[in-house]
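Have a look at the structure below before the remarks.
Each chain gets a letter, A, B and so on, in the order its sequence line appears, and its residues count up from 1. Because the structure is predicted, anything quoted here is derived from the model rather than measured. Scope of the values below: all heavy atoms of this structure, side chains included, with no hydrogens, waters or symmetry mates.
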Amino acid sequence: MLQELSEQEEIRRTKLAELKKLGINPYPAEEFKVNVTAQDIKENYVGNEDNYKNVSFAGRIMSVRDMGKAAFAVLQDSTDRMQIYVRRDDICPAEDDKQLYDVVWKKLLDIGDIIGIEGYVFTTKMGEISIHVTNFKLLCKSLKPLPIVKTDAEGNSFDEVTDPEFRYRQRYVDLLINPKVKKTFEQRTTIINTIRTFLNEGGALEVDTPVLQSIPGGATARPFLTHHNALDIPLYLRIANELYLKRLIVGGFDWVYEFSRNFRNEGMDRTHNPEFTILEFYVAYRDYFWMMNTTEKLLEKIAVDLHGKTELTVGDKTINFAAPFKRVTIFDAIKEHTGVDVSKMNEAELRGVCKQLHLEIDDTMGKAKLIDTIFGEKCEGNYIQPTFITDYPVEMSPLTKKHRTEEGLVERFELMINGKEIANAYSELNDPIDQRARFEEQVELMERGDDEAMFIDYDFLRALEYGMPPTAGIGIGIDRLCMLMTNQPSIQDVLLFPTMRPEAKAELTPQEN
RNA sequence: GAUUCCGUAGCUCAGCUGGUAGAGCAAUACACUUUUAAUGUAUGGGCCCUGGGUUCGAGUCCCAGCGGGAUCACCA
């Protein structure tokens, strides 16, 4: 690849050559033994000074303050930043050879380089805990100038790199120079660890199910299509893993879960990425009431593990994750926010209501979709505090068990938080004959023009015919949950490498021509 | 997919009604042995996203494309 180098890049390459000329390997192979981290020093040095008289530390140079025959620099390791103090006559004790300081340190090192140092910890006149360097070694020469973000004593940052394109495409730089970014991703992992611990302690088994599926089932969405050469068959990237986890319940596991990376070939925006993560779990002999109790306990625990409290600030709202959450049926929700009781209405009456409310509808929409539209437009955004919306119409829940008492409804809930759906759960449909009929209704919907209807998975039906115990299941959108819990406005801020259009068109290789 | 805003130095940004580019940080050079957004002096660095067009003249105006953000549609 041909690339034009900027002035600063040329200079760094020249320095690289000079280092080599001096016999310094800019990319040494041998390990550099580190015996302390920045965080360790900052937390433990005071009161334990004797333990920090011989430290070995490594990090990336983030700034340098050169003062002639001495200098301060800030190194960043994986835990924090640490100031170091380098004095010429300490690292170059010989009277006639000051090259290591005058040439290597002052001329040939740059911001962004990674060095290892040895020395002792002390506190400067200004009161900052620092390492007094007795020896240093270049561990990696950096050839690209690192954008500098400066921060003053009040915590104001200057020249912060905010360009989203730069940040998402070069996340490695974003992570280095914007400490808050790193924290968000550490929090994401904390959330996932909390969930995993919660489920494992409850007796759940983590499993892996196929990502490549010949029938993209378990949800309604446009899939990504690929092709397997050896079998010469089309394969889809999964849009959900639901049907596989239920097969495992048939197979005798009582509680299974999977953090499922799903792929949906649809639009992208602040809350959608083509690949995203859903946690699904299925528990035998439970119903959706048990699932509500479990879900609210889990979310409360996540909030507490992450922030030490249940009340969080999200944007300009305060959200309280303390269990129990409010529960409202979808019909009551609609009645509350529109004044209309749609619970006994037929399709024609529902169309009338939609018209009155000025909602856009079309002929392909069935009864359930009309209800869902009313709820989505008029109600959903109002549920800022965690709320379970329950008891949906049967038509749009083809995998859900019919309600134990209410005709035409299913035992389903969605968890709404901050006006968005975070989780979707059911008492799972385990009647194989009913399930087959529901799939067939989906085919009819598809023929009517609904391009979101489900495919029929005959092997899944076969599994149900062997018998699946009554089961409660849930899917929780992990990315959106992370957005909430870390107060990030965009899904791209909780995905390390969000999907982006390629920077340049890939050059055609000769073979392809 | 639609609408709209944006794209200028490594980074953050100026650049008025069109007259061939500026600042701060970063870089280079010099000074400075406890600084912390270190400081002082000097210097260099730009296919102004790409391609057309209008014009004597385009970073600036028009059109198309590429890339990004926001809003909407679809969805989780």
What string of B, S and - do you get for nucleotides 32-41 of chain B, 5' to 3', if B is base contact, S is sugar-phosphate-only contact and - is no contact with any protein heavy atom under 4.0 Å?
BBBBBBB---
For the P atoms, the ones on B:A27 and on B:U3, what distance do you get once it is rounded to whole angstrom?
45 Å
Complement of B:U41, any strand, by Watson-Crick or G-U distances under 3.5 angstrom:
B:A29
Checking side-chain polar atoms at under 3.5 Å, does A:R412 have a donor or acceptor matched by the opposite partner on A:T400?
no
In whole angstrom, give the distance that lies between atom CG of A:L359 and atom P of B:C74.
11 Å
Could you identify the nucleotide paired to B:A21, looking across every strand shown and requiring Watson-Crick or G-U wobble geometry with both distances under 3.5 Å?
none
Please name the residue in the list A:T486, A:L299, A:V494, A:I417 that meets the side chain to side chain contact (heavy atoms under 4.5 Å, CB included) test with A:L481.
A:L299
What pairs with A:D110 under side chain to side chain contact (heavy atoms under 4.5 Å, CB included), at least two apart in sequence or on another chain?
A:R12, A:K15, A:D113, A:K141
Sort out the partner of B:U60 for me: Watson-Crick or G-U wobble, both distances under 3.5 Å, none otherwise.
none
Using a cut-off of 4.0 Å on non-hydrogen atoms, how would the nucleic acid contact of A:D372 be classed: base, sugar-phosphate, or nothing?
nothing
A:Y236: partners by ring pair (Phe, Tyr, Trp, His ring centres under 6.0 Å), with sequence neighbours left out:
none
Roughly, in whole Å, what's the span from CE in A:M62 to P in B:C25?
18 Å
Distances under 3.5 Å between protein N/O atoms and the N/O atoms of nucleotides 42-48 of chain B, please, pair by pair.
from: B:G44; atom 1: O2'; to: A:E7; atom 2: OE2; distance (Å): 2.9
from: B:G44; atom 1: N2; to: A:E7; atom 2: OE1; distance (Å): 2.4
from: B:G44; atom 1: N3; to: A:E7; atom 2: OE1; distance (Å): 3.3
from: B:G44; atom 1: N3; to: A:E7; atom 2: OE2; distance (Å): 3.4
from: B:G45; atom 1: O4'; to: A:E7; atom 2: OE1; distance (Å): 3.4
from: B:G45; atom 1: O4'; to: A:E7; atom 2: OE2; distance (Å): 3.4

Would you indicate what A:R169 reaches in the nucleic acid, counting non-hydrogen atoms under 4.0 angstrom: base, sugar-phosphate, or nothing?
sugar-phosphate
I'd like the C1' distance from B:C30 over to B:G44, given in whole Å.
15 Å
When you compare B:U12 with B:A26, how far apart are their P atoms, in angstrom units rounded to a whole number?
15 Å
Nearest to the side chain of A:I11, heavy atoms from C-beta on, is which of B:C30, B:A76, B:U28?
B:U28
Modelled atom types, side-chain donor and acceptor of A:Y392 and A:D372, under 3.5 Å:
no
For A:F57, ring pair (Phe, Tyr, Trp, His ring centres under 6.0 Å) partners two or more places apart:
none
Mind telling me whether A:Y257 and A:F259 have parallel, tilted or perpendicular rings, with 30° and 60° as the class edges?
perpendicular
Exceeds 12 heavy-atom contacts within 6.0 angstrom, atom CG of A:N54:
no
Under a 4.0 Å heavy-atom cutoff, the residues of residues 411-428 of chain A touching RNA chain B are A:E421
The complete set of salt bridge (charged side-chain N to carboxylate O under 4.0 Å, His left out) pairs with one or both residues in residues 123-135 of chain A, sequence neighbours excluded, reads none
For the residue pair A:R60 and A:S142, confirm or rule out a side-chain donor-acceptor distance under 3.5 Å.
no
Distance check needed: B:U28 C1' versus A:K15 NZ, whole Å only.
8 Å
Earlier contact from the 5' end, RNA chain B, for A:E160 and A:R12
A:E160
Do the side chains of A:E275 and A:R261 get close enough for a salt bridge, i.e. N-O under 4.0 angstrom?
yes
Interatomic distance at C1', B:U36 relative to B:A29, whole Å:
24 Å
Could you note down all residue pairs passing salt bridge (charged side-chain N to carboxylate O under 4.0 Å, His left out) where residues 160-170 of chain A supplies at least one of them, sequence neighbours left out?
A:E165-A:R169, A:R167-A:D174, A:R167-A:D493
Any ring-ring contact (aromatic ring centres under 6.0 Å, His included) pairs touching residues 360-381 of chain A, not counting sequence neighbours?
none
Check the interface with nucleotides 70-72 of chain B: list each N/O to N/O pair with the protein under 3.5 Å, or write none.
from: B:U71; atom 1: OP1; to: A:R270; atom 2: NH1; distance (Å): 2.2
from: B:U71; atom 1: OP2; to: A:R270; atom 2: NH1; distance (Å): 2.6

OP1, OP2 of B:C74 versus side-chain N and O of A:R222: anything below 4.0 Å?
no
Given B:A26, B:A76, B:C66, which nucleotide is nearest the side-chain atoms of A:R501?
B:C66
Whole angstroms only, please: what is the CG-C1' distance between A:N273 and B:G69?
15 Å
Over how many whole Å does the gap from A:E165 atom CD to B:G10 atom P extend?
15 Å
Partner of B:G1 under the Watson-Crick or G-U wobble criteria, both distances under 3.5 Å, comes out as B:C72
Give none if B:U35 has no partner; otherwise give the nucleotide forming a Watson-Crick or G-U wobble pair with it, both distances under 3.5 Å.
none
Between A:E347 and A:R351 (salt bridge meaning N to carboxylate O under 4.0 Å), is one present in this structure?
yes
Nearest-angstrom distance from the residue atom CD of A:E18 to P of B:U28
11 Å
Apply side chain to side chain donor-acceptor pair (under 3.5 Å) to A:T151 and list each qualifying residue two or more places apart in sequence or on a separate chain.
none
For B:G10 and B:U28, measure between their P atoms and round to the nearest Å.
15 Å
Of the listed nucleotides B:C13, B:C25, B:A76, the one nearest the side chain of A:T162
B:C13
Just say parallel, tilted or perpendicular for the rings of A:H132 and A:Y120, cut-offs at 30° and 60°.
parallel
Answer for the Watson-Crick or wobble partner of B:G46, both distances under 3.5 Å, is none
Name the closest nucleotide to the A:P147 side chain, picking from B:A27, B:G10, B:G67.
B:G10
Could you give the distance separating B:U71 and B:A14 at their C1' atoms, to the nearest angstrom?
28 Å
Pairing partner of B:G67 (Watson-Crick or G-U wobble, both distances under 3.5 Å):
B:C6
Rounding to the closest angstrom, what is the interatomic distance between B:C6 and B:A64 at atom P?
16 Å
Applying the 3.5 Å cut-off to both distances, the Watson-Crick or G-U partner of B:U54 turns out to be none
Length of the CZ-C1' vector between A:F166 and B:C13, whole Å:
15 Å
Side-chain contact check for A:D110: nearest option of B:U12, B:A76, B:A27 is B:A27
Sequence neighbours left out, what passes side chain to side chain donor-acceptor pair (under 3.5 Å) with A:E18? Give chain and number order.
none
Without decimals, in angstroms, what is the distance between A:L5 CG and B:G10 C1'?
12 Å
Inter-nucleotide C1' distance (B:U54, B:U60), Å rounded:
14 Å
